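Bear in mind that the values here come from a model prediction, so they are computed numbers and not experimental data. Each chain gets a letter, A, B and so on, in the order the sequences are listed, and its residues count up from 1.
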There are 2 protein chains.
Amino acid sequence: MKFCSGCASPLLYQVPEGDNRERACCPSCGAIHYVNPKIVVGTIPTFGNKVLLCKRAIEPRYGFWTLPAGFMELNETTHAGALRETWEEAGAKATLGPLFTMFDVIRAEQVHLFFRAQMDAPEFSAGVESLDVKLFAEEEIPWDELAFKTVSKTLTLFFEDRRQGQFTLHTGDVYDHTDWPLDSFKA
Amino acid sequence: MKFCSGCASPLLYQVPEGDNRERACCPSCGAIHYVNPKIVVGTIPTFGNKVLLCKRAIEPRYGFWTLPAGFMELNETTHAGALRETWEEAGAKATLGPLFTMFDVIRAEQVHLFFRAQMDAPEFSAGVESLDVKLFAEEEIPWDELAFKTVSKTLTLFFEDRRQGQFTLHTGDVYDHTDWPLDSFKA
Ligand SMILES: [Zn+2]
Ligand SMILES: [Zn+2]
């Protein structure tokens, strides 16, 4: 961030009065441009004992499998955003269940929220960001071809909780999203 | 947002290729400037049967009582942010418990996360954003002087769950944060 989005003046990085962090400050109009983590919302869509995964048609991680998820938009709730992504990426309608995982992905400056979701029918289709969409039983999950750590952790916890017959919220952090360079992820 | 923060060119609002929403697009450098909801993290700090509240020394809602909470920063987890706010606003050290409420505050473009937290000692002090900090028993809570709906909902649910002897995660949405004009809140 080099210029003020309100008045186009060059920004100065300094600690505003009463604050304790450096921010992008505009010396002309006085605006302070804060940058905060973004929320990624997604689902674990299930039909019977199977979970729906999408094969990514976009970078990063083109060709790898993921749960449907994406950035939460303005003017929607986390619940609505999770269902919207499930529809856009996987062409699936579902009934949302409770929040299941919340992961801080620190280096990517994101918080990932995955909700359990019961598909209304075994109907789905690849959206523009997906090459393929498919239902997988636990023993069919392509563990070595999953796109992101938050997806593999969420799936691992999901199957563990399911075996124990009780689902609980899991929170934690993932410093890096995956093992490939961050630049390719944030692009 | 009128100008590109990367190159200072005037922005155009249009739907980028492959997207389905209007975004602030830069015709010069090609940057797309997304705007997404922000995360507010806070705690319900308790010592014995009492809850710690802060009297706000800043607008909006100057003089009203709130749970310690504030915007999540980059390079911290939701947990670390919640404890940081508890320290900055209430001068209290606490041990974080589970996530207790997650509220979408749609009009304010925020998601509020409140964690239960056990204070390490009955020690606290007003930070620069607080006029006063005090421990309240349930019957002492100043319900008519609470700053935000997410705070009053969180406290109501906290006492309900405590009476039932079991705490669970509660999620929901609050279209408006409070009944006063939004402009004063977002300022
Ligand atoms: Zn400016
Ligand atoms: Zn530009």
S.K.: Is it the case that atom CD in Q14(A) sees more than 12 heavy atoms from other parts of the structure closer than 6.0 Å?
M.R.: yes
S.K.: Looking at CG of L169(B) and CG of L169(A), how far apart are the two atoms once the value is rounded to the nearest 0.5 Å?
M.R.: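 That separation rounds to 5.5 Å.
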S.K.: Linking I/L/V/M/F/W/Y whenever their side-chain heavy atoms sit closer than 4.5 Å, directly or via other members, would L12(A) and I32(A) fall into one cluster?
M.R.: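 No, it is not one cluster - the side chains of L12(A) and I32(A) are not joined through contacts under 4.5 Å.
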S.K.: Hydrophobic cluster membership, with links at side-chain heavy-atom distances under 4.5 Å among I/L/V/M/F/W/Y: are F115(B) and F100(B) in one?
M.R.: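 No, no single cluster joins them.
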S.K.: How long is the span from the CE atom in M1(B) to the NE2 atom in H33(A), to the nearest 0.5 Å?
M.R.: 9.5 Å
S.K.: In terms of hydrophobic clustering (I, L, V, M, F, W, Y; side-chain heavy atoms under 4.5 Å; direct or indirect links), are F136(B) and L155(B) co-clustered?
M.R.: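 Same hydrophobic cluster.
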S.K.: Quick one: do L113(B) and V105(B) end up in the same hydrophobic cluster if we chain Ile, Leu, Val, Met, Phe, Trp and Tyr together by side-chain heavy atoms under 4.5 Å apart?
M.R.: no
S.K.: Kindly determine whether T78(B) and T171(A) satisfy side-chain contact (heavy atoms from CB on, under 4.5 Å), including the steps that lead there.
M.R.: CA-CA 10 Å; T78(B) 51; T171(A) 60; over 6 Å; no
S.K.: Whether the E88(A) and N20(B) side chains hold a donor-acceptor pair (N or O, under 3.5 Å, no angle test) is what I'd like checked.
M.R.: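 Yes, side-chain donor-acceptor contact under 3.5 Å.
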S.K.: To the nearest 0.5 Å, what is the distance between CZ on F3(A) and SG on C4(B)?
M.R.: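 That separation rounds to 8.5 Å.
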S.K.: Measure distances from Y34(A) to the heavy atoms of chain B and classify the residue's part below 4.5 Å as side chain, backbone, both or neither.
M.R.: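 Both parts, backbone and side chain.
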S.K.: So with a 6.0 Å cut-off around CD of E22(A), is the heavy-atom count from everything else above 12?
M.R.: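 Atom CD in E22(A) is packed in, count exceeds 12.
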S.K.: Quick one: do L83(B) and M102(B) end up in the same hydrophobic cluster if we chain Ile, Leu, Val, Met, Phe, Trp and Tyr together by side-chain heavy atoms under 4.5 Å apart?
M.R.: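 Result: yes, single cluster for both.
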S.K.: Quick check: under 4.5 Å, non-hydrogen atoms only, which of residues 35-53 of chain B neighbour chain A?
M.R.: V35(B), N36(B), P37(B), K38(B), I39(B)
S.K.: Got a sec: does the CD of E17(B) have more than 12 other heavy atoms crowding it under 6.0 Å?
M.R.: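 No, because the 6.0 Å sphere around CD of E17(B) holds 12 heavy atoms or fewer from other groups.
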S.K.: Which heavy atom of N75(B) sits nearest a heavy atom of I106(A), and at what distance?
M.R.: CA-CG2, 3.9 Å
S.K.: Could you walk me through whether E76(B) and D104(A) satisfy the side-chain contact (heavy atoms from CB on, under 4.5 Å) test, starting with their C-alpha distance in whole Å, then the side-chain angles of each, then the deciding distance to 0.1 Å, before giving a yes or no?
M.R.: CA-CA 8 Å; E76(B) 71 179 2; D104(A) 297 290; over 6 Å; no
S.K.: Would you find a donor on one side and an acceptor on the other, under 3.5 Å apart, between the side chain of D173(B) and the backbone of T77(A)?
M.R.: no
S.K.: When heavy-atom pairs shorter than 4.5 Å are enumerated against chain A, which of V128(B), L11(B), L99(B) gives the highest number?
M.R.: L99(B)
S.K.: How would you list, in number order, the residues of residues 65-74 of chain A that have a heavy atom less than 4.5 Å from chain B?
M.R.: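 Only F71(A), M72(A), E73(A), L74(A) of residues 65-74 of chain A have a heavy atom under 4.5 Å from chain B.
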S.K.: With a 4.5 angstrom heavy-atom cut-off, could you sort out which part of I58(B) is near chain A: side chain, backbone, both or neither?
M.R.: neither
